[in-house]
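Since the structure is predicted, the reported quantities are computational estimates derived from the model, not experimental observations. Labels below follow one simple rule: chain letters A, B, ... track the order of the sequence lines, proteins then strands, and each chain is numbered from 1.
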Protein chains: 2
Amino acid sequence: MRDMHGTRSTTSGPFTRKLQGFEPLQEADTALVTAIEAGERHFPGGTDLIREGDRPDGMIVITGGFACRYKLRETGARQITAYLLPGDVCDLDTSTLGRMDHTIGTLSSCRVVRLTSEASERLRERPDIARALRTAALVSDATLREWLVNLGRRMAVERLAHLFCELLMRIRAVVPTQGDSFDLPITQADLADTTGMTSVHVNRSLGELRRTGLIELKGKHLTIRDLPRLIEVAEFRPDYLHLGAHALTPELWSRSASAMVSRCA
Amino acid sequence: MRDMHGTRSTTSGPFTRKLQGFEPLQEADTALVTAIEAGERHFPGGTDLIREGDRPDGMIVITGGFACRYKLRETGARQITAYLLPGDVCDLDTSTLGRMDHTIGTLSSCRVVRLTSEASERLRERPDIARALRTAALVSDATLREWLVNLGRRMAVERLAHLFCELLMRIRAVVPTQGDSFDLPITQADLADTTGMTSVHVNRSLGELRRTGLIELKGKHLTIRDLPRLIEVAEFRPDYLHLGAHALTPELWSRSASAMVSRCA
DNA sequence: CGCTAGATTGATAACTGTCAAGGGCGGTGG
DNA sequence: CCACCGCCCTTGACAGTTATCAATCTAGCG
């Protein structure tokens with residue numbers, strides 16, 4: 001799992017990378033987690049993996065694509081309450097809670113690992129992995145609170161700016177990216193259901209972010225043209241994500257990634 | 001802790017009651033929890049118990065009054081992300097996370113128990129208590145998601161209606177109340193910071209709820225005049241709170257409470 | 001090449017915020 | 001006991017933000 005220079009190999013999957021970002025893992029643990037990632041299955045976008053009211057158990061790991069948690073109103077209005085990005089894991093704690101209070105579904109086509117409660121139990125027997133999973137859960141709580149601030153106390157443009165900052169940081173932490181850009185395989189309607197607005201208003205707000213030179217978004221790829229200013233607009237403080245230095249300093253990533261590429265070429 | 005009729009005694013505190021609502025407790029556990037409640041201290045309203053950036057540990061239990069979690073924007077805008085009502089407990093998980101990402105403060109004057117990490121560790125050694133605490137944590141997660149839906153996908157009046165429904169249910173679960181009413185010792189500005197609106201607009205929306213005969217609110221006491229219709233307006237589904245039958249059927253409460261009173265008189 | 005989901009735009013209405021002024025009520029000091 | 005003060009609630013007029021409705025445009029795809 002480490003190359004001849006002792007650098008962390010970019011061949012490890014997002015789940016491995018995510019956990020390592022929270023807690024250094026032994027070789028054995030890394031092997032176990034990587035083995036788990038191999039069990040991924042594919043689902044098209046718009047698939048519900050688990051529905052509100054279900055009584056599933058174990059856990060779900062996203063290894064590719066964008067998924068989300070969401071709730072529907074009786075009116076049909078949808079509110080997305082969390083993004084599940086590559087490397088993200090979510091417990092299906094229905095052993096204690098009974099039934100799901102929300103649905104988990106894919107936004108884009110996704111690669112997903114489904115673990116039985118036995119398998120997730122086995123994972124948690126490893127102290128370091130268990131600690132990493134606990135941290136992941138606390139971070140997703142903190143993220144939820146941050147989202148509440150986003151919806152309650154920020155304007156449309158600021159909400160999108162904040163979301164984009166968060167996504168950039170989270171994706172950088174698990175996938176090598178080029179500069180301040182990443183694939184955003186979701187629709188404007190999805191963004192609307194995330195930020196509590198209308199797709200029309202999302203469209204106009206995106207237009208404003210474009211016009212002011214903050215972002216560029218086309219063909220499901222988002223490029224942040226002026227990250228410092230976007231962070232300023234969003235009032236973004238990444239602390240709540242508990243990212244390691246590698247995610248916060250993109251240079252490290254890019255450099256090691258390009259080094260990888262040149263080594264492989 | 002049980003009277004001669006085998007009914008749960010109303011003399012147990014809110015924390016005891018809260019945990020019992022999630023998990024039946026042995027006498028020994030009940031005694032332990034009740035003993036802990038005795039260690040309460042008083043704080044005036046508007047006191048920050050723990051500030052963003054602090055590195056506290058252990059946990060906090062609210063035994064009286066209204067407290068909350070909140071975050072501030074640099075503009076000074078405040079977003080309340082959770083209410084901490086009597087019986088509510090919150091972990092100060094900074095053992096894993098480092099520092100608080102939000103502040104915990106009182107809204108009204110409060111009675112609070114502060115537990116060291118050792119004390120909370122000792123609590124968690126009791127399997128039933130540990131399970132109850134886990135459930136409580138999951139419920140507060142679910143509540144956070146519900147709040148996100150509230151801010152993202154409901155109109156002002158609906159937001160307040162939903163909040164009032166939730167508060168009624170939660171308070172009923174830990175304190176004997178008379179009919180569909182309870183003390184709401186907070187200001188309209190607090191409601192605004194909860195629901196993502198302005199205090200002015202909260203005021204007008206409350207007016208509408210009053211005019212349509214749904215509620216009555218004066219002198220920090222809220223009376224719900226037409227609960228079925230309020231639930232309808234809010235589209236309130238109490239499932240996420242995981243309340244026992246005693247909370248959902250107020251009759252039980254009132255009857256046992258009045259029985260208590262007459263016995264004591 | 002036609003189809004369809006998604007993106008874009010305009011006109012208008014609805015909702016919510018902002019600013020400013022008054023009113024009520026409880027607490028405190030004289 | 002009363003006057004005064006401060007905090008909160010209430011209200012009005014107006015501005016700003018966001019939703020709604022409807023049409024058009026675009027790009028990916030069979």
Side-chain angles (χ1 to χ4, degrees), chain A residues 44-47 66 73 75-80 106-109 149-163 183-212 215-223 233, chain B residues 44-47 66 73 75-79 106-109 150-163 183-212 215-223 233:
Chain A
T47 311
F66 275 41
R73 288 195 55 181
T75 62
R78 177 177 67 155
Q79 178 63 48
I80 294 176
T106 63
L107 291 170
S108 70
S109 73
V149 176
N150 215 24
L151 293 201
R153 286 293 180 239
R154 277 195 264 260
M155 305 272 90
V157 172
E158 302 169 328
R159 289 184 205 177
L160 288 171
H162 194 278
L163 178 63
D183 288 324
L184 187 63
I186 66 179
T187 70
Q188 293 185 2
D190 294 330
L191 287 174
D193 292 344
T194 305
T195 52
M197 0 196 303
T198 306
S199 64
V200 173
H201 200 242
V202 164
N203 185 286
R204 294 195 221 275
S205 303
L206 287 175
E208 185 171 337
L209 286 173
R210 264 190 283 252
R211 271 197 312 284
T212 50
I215 67 165
E216 196 170 301
L217 173 56
K218 59 178 179 214
K220 308 277 186 217
H221 188 87
L222 177 68
T223 303
V233 166
Chain B
T47 311
F66 276 41
R73 287 194 57 180
T75 62
R78 178 177 67 156
Q79 178 63 47
T106 62
L107 292 170
S108 69
S109 73
N150 215 24
L151 294 201
R153 287 293 179 238
R154 277 194 264 260
M155 306 271 91
V157 172
E158 301 169 328
R159 290 185 206 176
L160 287 170
H162 194 279
L163 178 63
D183 288 325
L184 186 64
I186 66 180
T187 70
Q188 294 185 0
D190 294 330
L191 288 174
D193 292 343
T194 305
T195 52
M197 356 196 305
T198 307
S199 64
V200 174
H201 201 242
V202 164
N203 184 284
R204 294 195 221 275
S205 302
L206 286 176
E208 185 171 337
L209 286 172
R210 265 190 281 251
R211 270 197 311 283
T212 50
I215 68 165
E216 195 170 302
L217 173 56
K218 58 179 180 212
K220 308 278 187 215
H221 189 87
L222 177 68
T223 304
V233 166

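Residue contacts for G45(A): at a heavy-atom cut-off of 4.0 Å it reaches no nucleic acid atom on any strand shown.
Put simply, R210(A) has a side-chain N or O that comes within less than 4.0 Å of OP1 or OP2 on dT8(C). The side chain of N203(A) contributes an N or O atom lying less than 4.0 Å from OP1 or OP2 of dT8(C). A sub-4.0 Å separation between OP1 or OP2 of dC15(C) and a side-chain N or O of R159(B) is absent. Regarding contacts with the backbone of dT10(D), a side-chain N or O of Q188(B) is found under 4.0 angstrom from either OP1 or OP2.
Atoms CD1 (I186(B)) and P (dC8(D)) sit 12 Å apart, rounded to a whole Å. Rounded to an integer number of Å, the gap from R204(A) CZ to dT17(D) P is 14 Å. Rounding to whole angstrom units, CZ of residue R153(A) and P of dT17(D) are separated by 16 Å. Separating the NZ atom of K218(B) from the P atom of dG26(C) is a distance of 12 Å, rounded to the nearest angstrom. In this structure, L191(A) places its CG atom 12 Å from C1' of dA7(C), rounding to the nearest Å. When rounded to the nearest whole Å, the span between CG of D193(B) and C1' of dT16(C) equals 15 Å. One interatomic measurement links the two molecules: CD of E208(A) to P of dA7(C), which rounds to 19 Å at whole-angstrom precision. Atom pair M197(B):CE and dG16(D):C1' shows a separation of 17 Å (rounding to whole Å applied).
Out of dT10(D), dT18(D), dT16(C), the shortest distance to the side chain of H201(A) is found at dT18(D). Candidate nucleotides dT9(C), dG17(C), dT18(C) were compared by shortest atom distance to the side chain of V200(B), and dT18(C) ranks first. Closest to the side chain of T187(A), from the set dA13(D), dT20(D), dG6(C), is dG6(C). Here dT18(D) is the nucleotide among dC19(C), dC21(D), dT18(D) with the atom lying nearest to any side-chain atom of M155(A).
Between D183(A) atom CG and F66(A) atom CZ the span is 8.0 Å, to the nearest 0.5 Å. Separating the CZ atom in R153(A) from the CD atom in E158(A) is a distance of 12.0 Å, to the nearest 0.5 Å. Atoms CG and NE2, from L191(A) and H201(A) in turn, are 13.5 Å apart once rounded to the nearest 0.5 Å.
Between T194(A) and Q79(A), the shortest heavy-atom distance links the atoms O-NE2, 3.2 Å.
Side chain of S109(B) to main chain of G45(B): no donor-acceptor pair is present (N/O by atom type, distance under 3.5 Å, no hydrogens or angles).
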